[in-house]
There are 2 protein chains.
Amino acid sequence: MKESTLLKLLDTAELLFADQGFHATTLRQITREAEVNLAAVNYHLGSKDALIVAVFQRRMDDLNKQRLSLLGEALKASQPPSLERILEAFVHPALQMSARSSGDGGRFMRLMMRAWAENNTRLHRVISRQYSHVMRSFANAVKQALPVVPADLRQQLDFLIGALTYSMAETEDSDVEQTARSLVRFACAGLRQSAQQTVKNSTTDPSESEHQDQSLTPSLLQENPA
Amino acid sequence: MKESTLLKLLDTAELLFADQGFHATTLRQITREAEVNLAAVNYHLGSKDALIVAVFQRRMDDLNKQRLSLLGEALKASQPPSLERILEAFVHPALQMSARSSGDGGRFMRLMMRAWAENNTRLHRVISRQYSHVMRSFANAVKQALPVVPADLRQQLDFLIGALTYSMAETEDSDVEQTARSLVRFACAGLRQSAQQTVKNSTTDPSESEHQDQSLTPSLLQENPA
DNA sequence: ACAAGTTTCAAACACATGTTTTAATTCTAT
DNA sequence: ATAGAATTAAAACATGTGTTTGAAACTTGT
């Protein structure tokens, strides 16, 4: 049973992109390693850019599905939901996906870091469109889990994403479960502390206490209106 | 007064590298934008790779100096030192440096993310050699600040670095002070919570209580023996 | 078995890249 | 002012890039 050239392309490209970056990886290298013809990329995908997007789309779809599924379970399990479970629903699929890809551990996440650093408009739009949907769900869930909504919830979640992405890219083949537990604990403490701080501020200065939810618009959480 | 071509090169290259990546940025683009001759890069630096390293070296030196200076102050101020001040010494210079570069805010940090994602051995060695030295100092400081050393201190610091890097790359021209305060609070809570957890584990299972410091070797904290 | 549609292949194309070379220019110290 | 060094300039070089092309090989439905 031979796997289709398209799959071979996606797999090989993902691996090479993660290791060397998008621009540094050539189509000749990809096709040679995948043992397909050079023209295969342009035939099946149309262009190298389209390849990049396709490589991403595949993993993002997967990741989002798993995250939202776990989030759903967390929300069904108790009301208000457990903050720990919410964050775990966010963290665990990413770590697992990263570890599952055999060989190099942080491959997928290094790919994520690259994509994020990249200024490629097309790629960015694909990612953030998919990401924003999920992030909104998680932000709402966190709001339910905490007695007080932190003033800068968006920023806090960015912290979590950053910690997750970076530590994954760093971690070799380390224990996924342990890392997940560690990170969830770390972030829960941070979020709770921040919520506490918000309460303290709002009681000493009541004028600040109302616009807590306006801080959710920028960055990842915003939708592309077009 | 005209600034030297070398400086013009470093400045322009830094800007373009951050926006487009190392490979995507061409020497022709850099030299055109810097208004110097194409051959200037090879004359002054020797090669494009050397340019990349040079761009980095300059900022890293600066960043390390500021961080260690603030850390020194924090250690002198009180004994045991304040965890908040230690983390602030780590976070603040980076945020400030990122904001100071006029125009685009997260430029330098996006550069960092790229460099980190990059698999360039030469660049990696330069960075981690410089980084490891500083990280060791901070890890030791944190050990003094906490009543109990968390079992996975290295990982915790990676979380901090990740949160810092990512949120910086994300943040436009936002309020540096506010972000710094937020992040420090976030990470302090995480670290304290983790320390608490370590205590709990070590009392229920005393066999684990001794090798707390062995977890400091891998990743950023390790030195290159060569 | 055969024709029509897919997919693979090797070669070529047009162009952009980092680097080198050689000459002109500017700087610097005597 | 002038010789010698350092820097800038313009052009060319060799190589590698993504993409296109047109024919061959394969697959599929009848």
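Chain letters run A, B, ... following the sequence lines, proteins first, then strands; residues in each count from 1. What you see is a predicted model; the values in this text were computed from it and never measured.
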Under a plain distance cut-off of 3.5 Å, with no hydrogens placed, do B:Q144 and B:N140 share a side-chain donor-acceptor pair? no
Show which side-chain atoms of residues 33-40 of chain A pair as donor or acceptor with protein atoms under 3.5 Å away, not counting sequence neighbours.
unit_1 : atom_1 : unit_2 : atom_2 : d
A:N37  : OD1    : A:A39  : N      : 2.9

Quick one: sort the A:F22 and A:F56 rings into parallel, tilted or perpendicular, breaks at 30° and 60°. tilted
Expressed in angstrom and rounded to an integer, what is the separation of B:E35 atom CD from D:dT7 atom P? 20 Å
Flag the pair B:D158 and B:R154 as a salt bridge only when some basic side-chain nitrogen lies within less than 4.0 angstrom of an acidic carboxylate oxygen. yes
Sole residue of A:L164, A:V184, A:L183 in side chain to side chain contact (heavy atoms under 4.5 Å, CB included) with A:L87: A:V184
Going from CE on A:M60 to CE on A:M97, what distance comes out if it is rounded to the nearest 0.5 angstrom? 10.0 Å
note: B:D49, atom CG; C:dG18, atom P; distance rounded to Å ~ 10 Å
Which nucleotide sits closest to the side chain of B:T5: D:dT8, C:dT20, C:dT8? D:dT8
Distance, rounded to the nearest Å, where B:L9 contributes CG and D:dT7 contributes P: 13 Å
Testing D:dT8, D:dT19, D:dT20 for proximity to the side chain of A:L27, the answer is D:dT19
Provide, to the nearest angstrom, the distance between the CD1 atom belonging to A:I30 and the P atom belonging to D:dG18. 8 Å
Between atom NE2 in B:H44 and atom P in D:dT7, what is the gap in whole Å? 6 Å
Across the strands shown, which category fits B:T31 at heavy-atom distances under 4.0 angstrom: base, sugar-phosphate, nothing? nothing
Nucleotide nearest B:N37 when distance is taken to its side chain, options D:dT19, D:dT8, C:dT8: D:dT8
Could you please name the option among C:dT7, D:dG18, C:dT19 that lies closest to any side-chain atom of A:Y43? C:dT7
By side chain to side chain contact (heavy atoms under 4.5 Å, CB included) - contacts of A:L70 (at least two apart): A:E73, A:A89, A:P93
When the distance from NZ of B:K48 to P of D:dG16 is rounded to whole Å, what number comes out? 15 Å
Are there any protein N/O atoms within less than 3.5 Å of an N/O atom in nucleotides 12-16 of chain C, and if so, which ones and at what distance?
none

Roughly, in whole Å, what's the span from CD in A:Q29 to P in D:dT17? 8 Å
How close or far is atom C1' of C:dT17 from atom CD of B:Q20, stated in whole angstroms? 15 Å
Does B:A39 reach a base, just sugar-phosphate, or nothing at all? Heavy atoms under 4.0 Å. base
